[in-house]
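As a basis for the values below, the full set of heavy atoms in this structure was taken, side chains included, without hydrogen atoms, waters or symmetry mates.
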Amino acid sequence: MLMEGTILARGVSDAQDRLLEADEPLAGLQRRCGGELPGAIAVPELLELVRKARRYGFRLARAVAAHDGNDVITAWVEVEPQGFGEGCQIVVRNWQTAPAPMEDAASVERRRTMIDRHLAELSAQLDSEQRLLAVSSDSVELASLAVSMSAGFGHAWTEFLPPEKIAHKQPLHWRLLDGARVVVPGSQRAWRISLVPHMRPGFDPAGFELLLVSDMPAGSAATVREPMEPLLRRSLVGQDLAPVLRQPISRIIANAETIRTRLAGPLPDAYAEYAGEIASAGKLLLGLLEDLADLEVVETEGFSTAPDRVDLSELARQAAGILNVRAREKGIFIEAPHPAENLPAIAEYRRVLQVLLNLIGNAIRYSPEGSQVWIRLESVGERARIIVADQGPGLSEDQQGRVFEKFERLGRSGDGGSGLGLYISRSLARAMGGDLVVESAPGQGARFILDVPADLEA
């Protein structure tokens with residue numbers, strides 16, 4: 001319960017942290033800060049407080065400061081979540097107003113950056129040439145984009161988020177791209193980019209923080225589909241730790257990559273190697289975090305997927321394209337289905353893509369340099385089948401029986417895997433009404449077969 005005492009204003013927010021209703025003077029502050037009612041909370045410190053209270057399920061209270069353009073307002077605000085997956089009740093007490101001091105340009109820019117960080121649904125770290133170093137996003141709508149960008153480290157971010165109405169190709173000065181509208185594949189929302197430079201006195205930026213922001217709240221576009229993952233129990237990793245840890249781990253990776261590539265200045269080879277090891281360890285930790293979050297999801301009682309009509313051929317080509325850079329680094333050729341091929345199926349698009357990325361990624365990891373990975377399609381009665389085959393060492397009969405077990409790495413303790421990928425992939429396949437099996441023999445490579453219901457009406 002909220003504490004007793006004089007209440008100056010009340011407000012109500014929803015599960016997307018939008019302010020649905022508010023009394024004065026809170027309603028007026030929301031509008032003066034550029035927001036609407038109902039609309040996204042426009043006061044950064046209030047938005048942060050509401051997000052934390054909703055995320056952790058605890059009542060929070062603290063002093064909140066806001067700048068409405070003319071005055072600085074300080075108020076005591078109490079926020080109480082109304083239930084797991086719901087909004088919050090907001091109570092305002094002790095409202096004080098003081099004339100705002102004159103802001104210099106740097107202060108205005110810092111405030112803009114702080115607001116964009118609160119609203120960003122995807123963030124990335126870039127090097128001095130605006131090439132990707134690390135990506136972080138909790139958005140379901142941006143999951144496929146985040147996967148593509150994560151597999152494209154070393155490439156310009158504009159390859160994945162093409163700016164609107166800018167015909168020039170990279171390299172383009174970052175100030176011309178800061179604030180640019182960009183195209184997000186598969187989204188009907190309007191998006192813009194905010195580029196925050198990592199400045200060094202007397203030098204050009206050593207790198208950038210990229211923030212992807214939409215002025216439209218999530219769920220406002222008709223095509224955005226929420227996952228059918230039940231919220232039946234409190235999640236330790238997926239909803240509590242993962243959002244908190246992704247950003248600092250991504251920063252560690254980005255900073256280590258900056259050191260490794262000597263963007264911050266000359267460095268002995270030994271220290272550059274140490275920085276590379278730090279970056280690699282950070283990427284492994286980030287992968288483990290993602291696997292643990294997925295593990296919680298698939299082991300939730302009543303977990304199900306969101307079936308839709310998909311083309312397995314298109315998904316296979318997309319997964320192969322995402323991992324093609326990693327394959328080329330080992331001289332491995334991925335043979336994906338021909339663009340003329342198609343295999344309609346009933347399954348969840350992003351979950352099939354997740355499984356394929358795991359299967360193809362494993363094939364690349366365990367195959368020798370200069371080998372091939374094949375992706376084949378089959379239609380068997382009411383089933384649609386996609387096969388990922390490699391020229392790796394193969395699996396014995398005993399190993400085939402254990403490869404889908406939780407935390408099983410078949411003795412490969414140094415390969416950086418969590419031992420969860422195939423367990424999660426099989427769980428997802430079965431949740432979609434299909435299965436995932438393996439056919440192999442020592443020295444003859446492996447064939448992983450994903451089986452899902454065929455779309456018989458296509």
How would you list, by chain and number, every residue that makes a salt bridge (Lys or Arg N to Asp or Glu O under 4.0 Å) with [X], sequence neighbours excluded?
| X | value |
| --- | --- |
| Glu36 | none |
| Asp23 | none |
| Glu48 | Lys52, Arg62 |

Any side-chain heavy-atom pair of [X] and [Y] under 4.5 Å:
| X | Y | answer |
| --- | --- | --- |
| Val438 | Ile449 | no |
| Val50 | Ile90 | yes |
| Arg383 | Val452 | no |
| Arg376 | Arg447 | no |
| Trp191 | Leu142 | yes |
| Pro163 | Leu177 | yes |
| Glu348 | Asp308 | no |
| Leu211 | Leu195 | no |

Heavy-atom donor-acceptor pair, [X] side chain to [Y] backbone, under 3.5 Å:
| X | Y | answer |
| --- | --- | --- |
| Gln400 | Leu395 | yes |
| Gln82 | Glu80 | yes |
| Ser137 | Ala146 | no |
| Ser136 | Ser123 | no |
| Trp157 | His155 | no |
| Gln399 | Ser396 | yes |
| Arg426 | Leu436 | yes |

Could you go step by step and tell me if Arg351 and Gln354 meet the side chain to side chain donor-acceptor pair (under 3.5 Å) rule?
CA-CA 5 Å; Arg351 292 305 190 184; Gln354 181 179 348; 2.7 Å; yes

Would you call [X] and [Y] a salt bridge, using N to O less than 4.0 angstrom?
| X | Y | answer |
| --- | --- | --- |
| Glu457 | Arg309 | yes |
| Arg181 | Glu164 | no |
| Arg54 | Glu86 | no |

If I take atom [atom1] from residue [X] and atom [atom2] from residue [Y], how far apart are they, to the nearest 0.5 angstrom?
| X | Y | atom1 | atom2 | value |
| --- | --- | --- | --- | --- |
| Phe404 | Ser425 | CZ | OG | 8.5 Å |
| Leu145 | Ser187 | CG | OG | 9.5 Å |
| Asp14 | Leu19 | CG | CG | 9.0 Å |
| Gln16 | Ser13 | CD | OG | 10.0 Å |
| Leu132 | Thr158 | CG | OG1 | 9.0 Å |
| Leu26 | Leu37 | CG | CG | 8.0 Å |

Taking salt bridge (charged side-chain N to carboxylate O under 4.0 Å, His left out) as the cut-off, I'd like each qualifying pair that reaches into residues 385-396, sequence neighbours left out, listed once.
Glu378-Arg385, Arg385-Asp451

What salt bridge (charged side-chain N to carboxylate O under 4.0 Å, His left out) pairs are there with at least one residue in residues 310-331, not counting sequence neighbours?
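The answer is none; no pair qualifies.
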
Nearest atoms (heavy-atom pairs only) where [X] meets [Y]:
| X | Y | answer |
| --- | --- | --- |
| Ser367 | Gln391 | OG-N, 4.0 Å |
| Ala190 | Ser214 | O-OG, 2.8 Å |
| Ala53 | Pro81 | O-CG, 3.6 Å |
| Ile375 | Ala316 | CG2-CB, 3.8 Å |
| Val213 | Ala120 | CG2-CA, 4.0 Å |
| Val184 | Leu161 | CG2-CD2, 3.8 Å |

Using side-chain contact (heavy atoms from CB on, under 4.5 Å), reason through Phe153 and Gln125 one step at a time and then give a plain yes or no.
CA-CA 10 Å; Phe153 291 163; Gln125 298 296 325; over 6 Å; no

For residues 336-344, please give each side-chain donor-acceptor pair under 3.5 Å, one per line with the distance, not counting sequence neighbours.
| unit_1 | atom_1 | unit_2 | atom_2 | d |
| --- | --- | --- | --- | --- |
| His338 | ND1 | Ala340 | N | 3.0 |
| Glu341 | OE2 | His338 | N | 2.9 |

Steps toward side-chain contact (heavy atoms from CB on, under 4.5 Å) verdict (Gln89, Val12)
CA-CA 5 Å; Gln89 178 185 355; Val12 176; 5.5 Å; no

Trace of the side-chain contact (heavy atoms from CB on, under 4.5 Å) decision for Phe448 with Leu422:
CA-CA 10 Å; Phe448 283 87; Leu422 288 175; 4.0 Å; yes

With side-chain contact (heavy atoms from CB on, under 4.5 Å) as the criterion, how do Glu121 and Arg189 come out once you've worked through the C-alpha distance, each side chain's angles and the decisive distance to 0.1 Å?
CA-CA 12 Å; Glu121 296 180 48; Arg189 289 198 280 163; 2.8 Å; yes

